[in-house]
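Letters A, B, ... are given to chains in the order of the sequence lines, protein chains preceding strands, and every chain is numbered from 1. Computation of the quantities below employed the complete heavy-atom set of this structure, encompassing side-chain atoms and omitting hydrogens, waters and symmetry-equivalent molecules.
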Amino acid sequence: MPAICFYFQVHQPYRLRKYTFFDLGHDHTYEDSGLNEEILNRVTENCYLPANALISRLIDATDGKVKVSYSLSGVVMDQMNEWRPDALASFARLSDYKSVEFLGETYYHSLAALYDWDEFHRQRQLHQSTLRKYLNREASVFRNTELIYSNEIAQAIAPFYQGILGEGVDWYMEGHHPNHVFRVPKGKGLGLLLRNHRVSDEISFRFPEIGLNADEFLDRIEALPGEIINLFLDYETFGEHIKADIGILDFLEEIFKKAVERKIKFRKPTKAIEKAASPEKLSIPSLTSWADTERDTSAWRGNEMQRLALKKVYELGPSVRKNNTPMVWEQWGRLQTSDHYYYMSTKGKADGEVHEYFNPFNTPYDAYIHFMNVLSDFELRIKGHTTEV
Amino acid sequence: MAQPKVLMLGWEFPPLINGGLGIASHGIAQALAHRTALSLILPKVHPDFALANTQLIGLNQLNLKKTVTAELQRDFFNKVEEVYRVSVGLDPYYVAHEDKKDISIFSYSEKDKTESEEEIDPNPFQVSEDLYDHHVIDKVRFYTRHVLSMAEEKDFDIIHAHDWMTFPAALELKLATGKPLVLHVHSLDYDRGGPELKNWIYSLEKEVLQEADKIVAVSHYTASILREHYDVAADKIQAVYNGIEPREAYKKKKGFPEKLVLFLGRVTGQKGPEIFLEVAEKVYRRYPEVRFVMAGTGDKLKRLIEAGAYTEVGHRFHFTGFLDREQVADLLAMSDVYCMPSVSEPFGLSALEAAQFNIPMVLSSQSGVSEVMPGALTADHWDTDEMSEQIIDILTNESMGRLLVEQNKEALEGLTWDRAGEQLLKLYENILEEPSLKEV
């Protein structure tokens, strides 16, 4: 009977405001603080506080048999620190439990791994030190932004972590199922945990559609081959994307309680990797992710607008390093947050709807236009063409 | 001679302005207000909007209780038997597959007509703000019938109508009353759709133009299109240029060191936005200290944004979307070059605004306004090499730019609406003095 590994992604970007051409060179306020605060408040009330309370209650009630892991982006921790210290404190309380693990990621929830390794490692380290500062934890497992993964990315982080998370993309599984711990080729023994998207999606998509119950869900898990079922989900699924009145938090509670009754084990990522006897090697040479039906990076760089925006952001690297002021580093990092590019996606159908969520702009074109204006202003500032800096 | 009594038929009018037509109609009406006894019938008149010495009639304000009985003598509307209307968000190419389920077809069959005539027409100008939505043909038909019905009680010497939306009403009026008809051409289907697109509107324009007594073209360029593409006799056409209200120009400091090249107008094929992007790319390659701004919105905007991102000038090519009058002025106050690469531009009022703001300009040769701007550099709209060359010349040679601006400034002094009003008054008088018309 396989064990369950839960991992919850906690992230909110600093969304940009409608920064027009007329602002260019005059106004250096890029973000919509009002909106960001409002969303953070909403998500804190709907999800972070009630879901954290539920998890700590469950851990207490099961003597630590309930185990989960989180990854909090640096920018969501900063926003909590500024607007909802109670949310951050609630995660800090969870960090007192041994049953809770915190994972490492890029501070700005960025795509730096695809463009700039130096910047990637800067953000990785910054995230590590922030985790230490707010939650007094060290991450020993890494998960890259939106589970963007390839051999190369795994190899890049191998010296610093014990494991990494990825998406179990069917067409790279070479006949395997994702319910094992794998070994990264040339990864210095780095363990790889792959998301079981079918079972994960049962919670985020099938539950609200058909009102799945916990027993049915666990029946399904018990019947699966392998030793670990990786359920990787956006934390906001619980109470925000799916509202509490539909019963999503109750569903989560039932899963944990009934699993403990049925003697199904929970594992944290690090433990799952440590316990794996002789993990099989799995090579994923191309970029994969958990986003959209394509499960690649097309959610962020599928069209010309996205590609140009990303190209121009990373072209600023040398100027940022030359400038080397905290403000510029911070601003550059925030402009790298993947959500900005996600909002520029022109994909239709179901994926398009997902891109709309929390999107401050009406259309991908608006997202692009305003982002590019911001980027122009930022470039002018770091190159010394405006008065301040 | 007593002031002629003019019944003017308009479509766009302040504060409801989509393009040059509304501004021009207003300028002309204002200039004619004290020269003629002027009544102006419009689809919509804003309750707070008045024009001295003019009777403004908005169909939106009328209580159209009684059934309109006026018989139309021409069958403009029956000709649009089937107009394909594609619902929003649907791929227009589906039309070619004739998948009737996805397309709403509205037809003006005889059956529909009698049904709607028995009931009282709902007044489209009380419902919608948009004068050019999917129901534009419904609106034109409504306007035609109600204008005709209202005019039975009006006393006038001459009919003066602006652009195709008012042409059916104008011709019906002429047929019903025998009064002379002046058509004022601000824009033709040829300009909007190109020479190949000869659709229902083109046929309507052509039919009514043949029967007008006199045609006012906003430029010699438009006069040439009327002759060449609408078979209008040269002696029936008179060019009367638009004017512009004088205004104080100002300068606004840019927040960036690069020069700014401005495209201002609807982002539609007619205005040549793709040409502007191509020109921008060519300019940027040789003169990188430059930004471009495309101000306006339109059906090509999305495509332009994506195409812009594909080019190396993409990060220097900005979009503003729709701007209000003040924002347009601010943008003019920041710009270093104004570029109007229109494929076909009957006049091009915004170029006059650019001249008021002392901006040197590069205009498409296929434009009316280039006839009155002696300091404008001009190139054929397809010649993006030449156009980019001219922009670089202006950017690199400031004294030349100043000289061009001076020449245009001088020309502006003669481009008043009063001058246009005076020319139109003469034109009315000539028509009314013509013996053949007096006898009618």
Apply side chain to side chain contact (heavy atoms under 4.5 Å, CB included) to residues A/R307 and B/Y310 and explain how you reach the verdict. CA-CA 9 Å; A/R307 287 194 281 272; B/Y310 189 67; over 6 Å; no
Check the surroundings of atom NZ in B/K251: do more than 12 heavy atoms from other residues, nucleotides or ligands lie under 6.0 Å from it? yes
Considering only heavy atoms, give the residues of residues 320-341 of chain B separated from chain A by less than 4.5 Å, sorted numerically, with 'none' for an empty result. B/T320, B/L323, B/Q327, B/D330, B/L331, B/M334
ring-ring contact (aromatic ring centres under 6.0 Å, His included) between B/F292 and A/F21, worked out: CA-CA 10 Å; B/F292 300 85; A/F21 179 71; over 10 Å; no
Partners passing salt bridge (charged side-chain N to carboxylate O under 4.0 Å, His left out) against B/R291 (at least two apart in sequence or in another chain): B/E258
Can you name the nearest heavy-atom pair linking A/H26 to B/K253, along with the distance? NE2-O, 3.2 Å
Rounding to 0.5 Å, atoms NZ (B/K302) and OG1 (A/T346) come to a distance of 10.0 Å
So for atom CZ, which belongs to A/R122, do other residues, nucleotides or ligands contribute more than 12 heavy atoms lying within a distance under 6.0 Å? yes
Can you tell me how far NZ of A/K312 sits from CZ of B/R316, rounded to the nearest 0.5 angstrom? 8.0 Å
Indicate yes or no: at least one non-hydrogen side-chain atom of A/L24 is less than 4.5 angstrom from one of B/H318. yes
Who are the side chain to side chain contact (heavy atoms under 4.5 Å, CB included) partners of A/S289, not counting sequence neighbours? A/I148, A/A291, A/W300
Looking at every non-hydrogen atom in both residues, tell me the closest pair between A/L380 and B/P257 and how far apart they are. CD2-CD, 3.6 Å
Take a 6.0 Å sphere around CD of A/E37 and say whether it holds more than 12 heavy atoms from other residues, nucleotides or ligands. yes
When only heavy atoms count and the cut-off is under 4.5 Å, which of residues 366-376 of chain A reach chain B? A/Y368, A/I369, A/M372, A/N373, A/S376
